[in-house]
Amino acid sequence: MKVLVINCGSSSLKYQLIDSESEKVLAKGLCERIGIDGSKLTHKVPGREDYVVETPMPDHRKAVSLVFEALTDADHGVVKTVDEIGAIGHRVLHGGATITESCVVDEHVKKVIRDCFDLGPLHNPANLMGIEACEKVVPGKKNVAVFDTTFGMSLPEKAYYYAIPKEYYDKYGIRRYGFHGTSHMFVSRETIRFGKLDPKNAKVIVCHLGNGASVSASIGGKGVDTSMGLTPLEGLIMGTRSGDIDPAVVQFICNHENKTVDEVLNILNKKSGVLGLSGVSSDFRDVSKAAAEGNHMAQVALDAFRYRVAKYIGAYAAAMNGVDAIAFTAGVGENDAETRAQIVGQYLGYLGAKIDPERNQTRSEQEISADDSKVRLFVIPTNEELAICRETVRLVGEA
Ligand code: ADP
């Protein structure tokens, strides 16, 4: 089956058409500046030149129409008609505590996505617009919603409750949800498959280290803990996010700088992390370069980032009473051998984890532990689109 995977942002739409049997990407692309002047679609087919369409896109419906036109275009398309596309899989940020699995979209699912607008104010409205646009442009085609929060739904109560008055959970659903869920699900299962680990009992820690970063613990591919919380702000130090912080810092800055809570939260989300600490950049390559050139705070930012990852690995090894495998993924996790070597070499010796320096030079799927390592270490490239495609096929096949 050919599956169209769609990921809508407030002014963008990313897509991939994947052949589910071969798991090959047939075409992919991006609509930018939806609802803003200068809208543009860039359509890429492997082995061909990019096809660029510059035309107004006042809303997501127009963007979706243009995507289908590009996919079926006589010169640039990859299918003859939309009938060749079996189903559409949508990335959706937040499903609240009601939706515990990916699902075929119906009125109830759309209502839940709408009810979660305040939990995912930037993403959920855009995700719903993408689904509704597909319903209008290709009526009758099955839409599947794959939620970023699903991985967090299997967490035990002791892991997802915050120790605040329970009424806030009852009234507003305030709890740990976790994000990057599709990536954690994909990479933990892929680690079990690739490493031939016990599919039911393997204890796996996944370090998703990109601009946004999080760590998860899972047993047999089911999430038992994850470092992001009610929002993606909690947990690791990230490109621009502070990660864990004493909440009293917010009050202190508000009082001393005469700022509102929203303004300080904006600082914690967009101006903190390795950017805030180093003052150099949110991009790890720039920060590494500055550190190598002797910039002290750039080095501190990198050290703090790695130290926080190691603390979470230690916490999750304790939470699961052991760990069989640790997998690194996403931009930094897949490409930055130095960060992996530092995390394992400096902090994980007590677990018996040993990295093999040569194997660690990889950027693709590979085991990177030494033969005598007690914990197996892997680089497993994440692929959220493929994960959404697989979920879509699983559900449409069942529907
Ligand atoms: P996101 O999807 O959250 O935007 P990515 O997973 O694409 O993030 O990761 C982006 C980050 O990966 C950037 O900060 C980039 O600097 C970092 N990165 C990519 N390649 C390397 C590398 N070779 N060394 C260090 N960092 C890298």
Side-chain angles (χ1 to χ4, degrees), residues 5-16 28 30 32 91 93 120 122-123 126-127 146 148 151 178-187 190 206-216 226-228 231-243 268-293 295 298-299 301-306 308-309 327-344 355 357 359-366 368 378-388:
V5 175
I6 287 189
N7 182 355
C8 276
S10 53
S11 66
S12 70
L13 184 161
K14 283 190 234 157
Y15 64 93
Q16 285 193 5
K28 64 178 177 180
L30 167 69
E32 297 167 90
R91 180 194 177 223
L93 183 82
L122 296 179
H123 296 86
N127 300 153
V146 179
D148 233 28
F151 181 84
F179 297 89
H180 295 143
T182 311
S183 173
H184 285 294
M185 183 175 73
F186 179 84
V187 175
E190 190 62 16
V206 172
C207 305
H208 177 114
L209 311 179
N211 228 325
S214 60
V215 182
S216 72
T226 189
S227 62
M228 284 177 168
T231 76
L233 184 55
E234 193 179 346
L236 297 182
I237 294 172
M238 313 183 204
T240 63
R241 296 191 189 111
S242 63
L268 296 183
N269 270 304
K270 303 211 170 122
K271 297 190 173 149
S272 300
V274 293
L275 167 69
L277 259 185
S278 69
V280 172
S281 167
S282 62
D283 191 300
F284 282 79
R285 281 165 295 199
D286 300 341
V287 181
S288 300
K289 186 164 171 281
E293 287 164 3
N295 182 320
Q299 187 60 53
L302 288 179
D303 290 346
F305 169 78
R306 294 164 183 167
R308 181 80 56 90
V309 175
F328 294 92
T329 195
V332 178
E334 290 167 32
N335 296 303
D336 189 353
E338 177 63 17
T339 286
R340 296 191 297 255
Q342 289 289 336
I343 291 170
V344 178
I355 209 160
R359 291 175 188 161
N360 187 39
Q361 294 314 311
T362 186
R363 284 168 191 253
S364 48
E365 191 164 60
Q366 184 165 315
I368 55 169
F378 297 91
V379 170
I380 305 283
T382 191
N383 191 338
E384 290 170 89
E385 288 78 14
L386 181 56
I388 293 171

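What you see is a predicted model; the values in this text were computed from it and never measured. In listed order, ligands and their atoms are each counted from 1.
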* Interfacing atoms of ligand 1 (cut-off 4.0 Å, heavy-atom, Gly210) -> 5 (P), 6 (O), 8 (O), 9 (O)

* What atoms of ligand 1 come closer than 4.0 angstrom to any heavy atom of Val332? -> 12 (O), 17 (C)

Short side-chain to backbone donor-acceptor contact, [X] and [Y], under 3.5 Å:
X	Y	value
Arg306	Gln342	no
Thr240	Gly273	no
Arg91	Asp148	no
Asn127	Leu93	yes

* To do: Please say whether Phe284 places an N or O atom under 3.5 Å from an N or O atom belonging to ligand 1.
  => yes

* **N/O separation below 3.5 Å, Ala330 to ligand 1** => no

* Assess Gly212 for proximity to ligand 1: is some non-hydrogen atom of it under 4.0 Å away? => yes

* Look at ligand 1 and say whether Glu334 reaches it with a heavy atom at a distance under 4.0 Å. => no

* Got Leu209 and Phe284 here, is their nearest side-chain heavy-atom distance under 4.5 Å? -> no

* Asked: Side-chain donor-acceptor pair under 3.5 Å between His184 and Ser214, yes or no?
  -> yes

Among all protein non-hydrogen atoms, which one is nearest to [atom], and what is the separation to 0.1 Å?
atom	result
atom 9 (O) of ligand 1	Gly331 CA, 3.3 Å
atom 8 (O) of ligand 1	Asn211 N, 3.1 Å
atom 21 (C) of ligand 1	Asn335 CB, 3.6 Å
atom 27 (C) of ligand 1	Arg285 CG, 3.8 Å
atom 16 (O) of ligand 1	Asp283 OD1, 2.3 Å

* To do: Could you pull out the closest heavy-atom pair between Pro381 and Thr329, with the gap in Å?
  => C-OG1, 3.5 Å

* Asked: Looking at Ser242 and Ser272, what are the two nearest heavy atoms and their distance?
  -> N-CB, 3.7 Å

* Heavy atoms only: which of Asp286, Leu302, Asp336 is nearest to atom 24 (N) of ligand 1? -> Asp336

* Rounded to the nearest 0.5 Å, what separation is found between the CD1 atom of Ile355 and the CZ atom of Arg340? -> 6.5 Å

* Asked: Considering all protein heavy atoms, does one lie under 4.0 Å from atom 18 (N) of ligand 1?
  -> yes

* Asked: Quick one: does ligand 1 sit under 4.0 Å from the side chain of His208, the backbone, both or neither, non-hydrogen atoms only?
  -> neither

